[in-house]
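Here is the structure we will look at, set down as structure tokens.
Order of the sequence lines sets the chain letters (A, B, ...), proteins ahead of strands, with each chain counted from 1.
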Amino acid sequence: MENVLDLTKWYKKNFRDLPWRTTNDPYKIWLSEIILQQTQVVQGLAYYHRFITEYPTVAKLAEASEEQVLRLWQGLGYYSRARNLHKTAKLITNEYQGVFPNEKCELLKLPGVGDYTASAIVSFAFNKPHPAIDGNVFRVISRYYDINLPIDEPATRKVFLEILQPMIEQTSPALFNNAIMELGATLCKNDHPNCSVCPLYIDCQARINETIALRPVKNKKVKKRNRYFNYLLIRYKDNIYIQKRFGKGIWENLFELPLIETEAPADWKNLSNSIASTVSNTKGFNLVKQTSLKHVLTHQTLFCQFFEIYTTEKPVFVSENCLEIELKDSTKYPFPILISNFLLSL
DNA sequence: AATACGTGGTT
DNA sequence: TAACCAAGTAT
């Protein structure tokens with residue numbers, strides 16, 4: 001690229017003052033990069049502040065329980081990031097003497113750290129020349145050179161790396177990675193790019209060819225499936241009952257209400273058998289309210305019903321994994337945002 | 001290689 | 001409004 005200097009000059013004048021940009025602390029940079037995976041700055045910023053306040057060092061994060069980490073992560077989504085964050089904090093504290101590796105190949109061994117994040121950390125914390133290729137960079141480069149390769153094919157990354165490597169070696173690696181990502185995030189946006197003030201305007205091939213809106217190219221389309229979740233909110237005195245999700249799939253290790261999943265929409269009557277096999281004493285159950293909510297995830301649409309049940313007899317659960325808590329204590333546990341919002345609405 | 005994994009915002 | 005997008009990683 002002939003315009004690397006224009007790009008970095010533009011960045012120095014126009015960068016957003018973000019907290020992880022004014023530090024060389026690998027812990028803070030790693031934390032910010034995990035939070036920002038598939039997440040915009042506006043959404044992640046508050047979480048970053050909360051995590052740094054609660055866990056100022058990697059050792060403090062390692063001391064926490066996974067449940068506490070998930071609770072602080074609640075609402076941010078992609079919860080494997082929080083589970084891996086905690087795993088890596090323990091790993092760094094216990095196996096790496098509390099010191100983050102300063103080589104990309106070592107960082108790649110950490111849970112939750114992939115090619116992008118490893119490159120981001122070594123460049124921002126140690127100023128090493130590894131291009132951090134995220135969605136922004138794919139977009140900027142695919143437009144600047146008018147590349148029609150699908151960016152969601154893993155093989156394409158290599159082509160972009162070969163373009164970016166000589167560029168990052170012309171300048172300061174941290175500055176370069178910050179600049180090109182910032183350009184993608186603030187000017188070279190997917191919709192309504194602000195080309196008129198872009199430092200790369202003159203030589204941008206997609207602008208010249210009028211293919212801006214066609215770049216970058218993506219091939220894959222996500223397929224969604226429908227699921228039907230029937231949640232039991234059983235209220236006994238001031239208490240409710242929750243359980244932890246386990247195994248693979250959505251919301252692993254988060255809490256939820258006792259769940260009956262069905263193949264199709266269900267109502268109170270045709271759930272009675274399933275409820276009876278969940279709780280052994282349902283005689284005094286009094287259905288007071290029923291709430292329906294649709295919750296859309298990337299790969300599935302959840303049609304959720306909440307059955308609010310009052311009982312004067314302590315419910316006896318068939319399986320042992322139900323936890324009895326006071327409703328007012330529900331804020332202490334990590335829930336999917338759907339459940340959290342529902343409980344807060346009571 | 002293909003698919004799953006959250007949530008909030010926009011068109 | 002269904003589809004797409006946003007600082008990706010793991011399997």
Side-chain angles (χ1 to χ4, degrees), chain A residues 15-16 18-21 28-48 70 73-85 87-88 107-121 123-124 131-140 150-157 160 174 176-186 188-193 213 215-227 245 247-254 256 293-302 304 334-341:
Chain A
F15 72 95
R16 292 170 292 177
L18 301 170
W20 47 84
R21 285 179 167 166
K28 292 180 177 173
I29 289 165
W30 162 72
L31 173 65
S32 72
E33 292 301 339
I34 302 299
I35 287 175
L36 293 172
Q37 288 168 5
Q38 295 287 282
T39 303
Q40 298 180 140
V41 166
V42 285
Q43 200 190 352
L45 191 54
Y47 285 84
Y48 175 82
L70 283 169
W73 197 271
Q74 178 179 295
L76 199 51
Y78 284 154
Y79 296 95
S80 67
R81 291 184 293 170
R83 297 189 299 269
N84 284 332
L85 188 81
K87 272 189 205 166
T88 291
L107 289 163
L108 279 170
K109 296 175 183 171
L110 303 172
V113 176
D115 191 87
Y116 161 77
T117 304
S119 296
I121 295 171
S123 64
F124 296 143
I133 311 178
D134 70 343
N136 290 312
V137 177
F138 271 123
R139 189 166 55 252
V140 170
I151 63 165
D152 49 4
E153 296 291 342
T156 302
R157 175 175 291 272
F160 280 67
F176 177 78
N177 279 340
N178 264 146
I180 192 163
M181 278 196 275
E182 187 76 343
L183 187 79
T186 62
C188 196
K189 297 173 291 184
N190 198 287
D191 296 320
H192 311 300
R215 304 286 177 261
V217 173
K218 289 187 186 178
N219 271 348
K220 294 169 185 162
K221 292 206 188 323
V222 298
K223 282 183 182 171
K224 277 204 174 111
R225 64 175 171 137
N226 293 339
R227 298 178 74 179
R245 285 184 73 94
K248 296 303 171 191
I250 57 168
W251 303 332
E252 182 183 342
N253 291 4
L254 274 69
E256 63 183 355
L293 293 174
K294 189 169 89 162
H295 191 70
V296 181
L297 290 71
T298 304
H299 285 89
Q300 43 191 299
T301 301
L302 273 26
C304 300
F335 291 103
I337 202 64
L338 166 83
I339 307 286
S340 173
N341 286 342

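- Here the side chain of A:H299 is nearest to one of C:dA10, B:dC5, B:dG6, namely B:dC5.
- Note on A:R83: every side-chain N or O is 4.0 Å or more away from OP1 and OP2 of B:dC5.
- At C:dA10, none of the side-chain N or O atoms of A:Y78 fall inside 4.0 Å of OP1 or OP2 (strictly under the cut-off).
- Regarding contacts with the backbone of C:dA2, every side-chain N or O of A:K223 stays at 4.0 angstrom or more from both OP1 and OP2.
- Within the nucleic acid shown, A:L297 comes within 4.0 Å of at least one base atom, counting heavy atoms only.
- Using a 4.0 Å heavy-atom distance criterion, A:L18 is classed as a base contact.
- Counting any heavy atom pair closer than 4.0 Å across all strands shown, A:G75 reaches sugar-phosphate atoms only and no base atom.
- One atom, CZ of A:R21, and another, P of C:dA7, lie 12 Å apart when rounded to the nearest Å.
- Across the protein-nucleic acid pair, A:R225 atom CZ and B:dA4 atom P stand 8 Å apart, rounded to whole Å.
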*CA sep, side-chain torsions, deciding dist, call: A:R245, A:L254, side chain to side chain contact (heavy atoms under 4.5 Å, CB included)*: CA-CA 6 Å; A:R245 285 184 73 94; A:L254 274 69; 5.5 Å; no
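- Counting only distance, with no hydrogens or angles, the side chain of A:D152 and the backbone of A:N219 share a donor-acceptor pair below 3.5 Å.
- Taking 4.0 angstrom as the limit, A:T117 places a side-chain polar atom (N or O) nearer than this to OP1 or OP2 of C:dT9.
- Of all non-hydrogen atoms in A:L297 and A:L302, the two that sit nearest each other are CD1-CD2, 3.6 Å.
- Of the C1' atoms belonging to B:dA1 and C:dA6, the separation is 24 Å, rounded to the nearest Å.
- Nearest heavy-atom pair, A:F335 versus A:Y79, reported as atom, atom and distance to 0.1 Å: O-OH, 4.5 Å.
- As rounded to the nearest Å, B:dG6 and C:dT1 have P atoms that lie 26 Å from one another.
- Residue A:N190 is in sugar-phosphate contact alone, with no base atom involved, counting any heavy-atom pair closer than 4.0 Å across all strands shown.
- Counting any heavy atom pair closer than 4.0 Å across all strands shown, A:G249 reaches sugar-phosphate atoms only and no base atom.
- Contacts of A:W20 with the nucleic acid, taken as non-hydrogen atoms under 4.0 Å apart, include base atoms.
- For the pair A:W73 and A:L85, the tightest heavy-atom approach, listed with the atom from each and the gap, is CZ3-CD2, 4.1 Å.
- At a threshold of 4.0 angstrom between heavy atoms, the contacts of A:L76 include nucleobase atoms, whether or not backbone atoms are also involved.
- Between the side chain of A:R139 and the main chain of A:C188, a donor-acceptor pair closer than 3.5 Å is present.
- Residue A:K218 has no polar side-chain atom (N or O) positioned under 4.0 Å from OP1 or OP2 of C:dA3.
- Between A:Q40 atom CD and C:dG8 atom C1' there is a gap of 14 Å when expressed in whole angstrom units.
- If you check every strand for non-hydrogen atoms under 4.0 Å, A:K189 touches nothing.
- At a threshold of 4.0 angstrom between heavy atoms, the contacts of A:Q300 are confined to the sugar-phosphate backbone, with no base atom among them.
- When every heavy atom of A:R21 is checked against every heavy atom of A:E182, the shortest pair comes out as NH2-OE1, 2.7 Å.
- When the side-chain nitrogen and oxygen atoms of A:W251 are compared with OP1 and OP2 of B:dT7, one or more of them lie within a distance under 4.0 Å.
- Taking atom CZ on A:R139 and atom C1' on C:dC4, their separation rounds to 13 Å, with Å as the unit.
- Both A:A155 and A:N341 lie near DNA chain B, and the one whose nearest nucleotide falls closer to the 5' end is A:A155.
- A:L70 places its CG atom 12 Å from the P atom of B:dT7, with the value rounded to the nearest Å.
- Both A:T298 and A:H192 lie close to DNA chain B; mapped to their nearest nucleotides by heavy-atom distance, the more 5′-ward contact belongs to A:T298.
- The interatomic distance linking A:Y48 (OH) with C:dA7 (C1') rounds to 14 Å, in whole Å.
- Atom CZ of A:R157 and atom P of C:dT9 are 7 Å apart (whole Å).
- A:V42 comes within 4.0 angstrom of nothing in the nucleic acid, heavy atoms only.
- In this structure, A:K221 reaches the sugar-phosphate backbone alone: every heavy-atom distance under 4.0 Å involves primed, P, OP1 or OP2 atoms, never a base.
- Between C:dA7 and B:dA2, the two C1' atoms lie 23 Å apart (nearest whole Å).
- Contact annotation for A:V41: base contact, defined as any heavy-atom pair under 4.0 Å involving a base atom.
- Each of B:dG8, B:dG6, B:dT11 was ranked by its minimum atom distance to the side chain of A:I337; first place goes to B:dG8.
- If you check distances only, the side chain of A:R16 does reach the base of C:dA7 with a donor-acceptor pair under 3.5 Å.
- What separates CD1 of A:I121 from C1' of C:dT9 is a distance of 13 Å, to the nearest Å.
- Residue order along DNA chain C, read from the 5' end via each residue's closest nucleotide, puts A:K224 first among A:K224 and A:G112.
- Contact between the side-chain N/O atoms of A:Q37 and the OP1/OP2 oxygens of C:dG8 is not found at any separation under 4.0 Å.
- Closest non-hydrogen pair, A:P334 versus A:Q74, comes out as CA-OE1, 3.6 Å.
- At B:dT7, one or more side-chain N or O atoms of A:H295 fall inside 4.0 Å of OP1 or OP2 (strictly under the cut-off).
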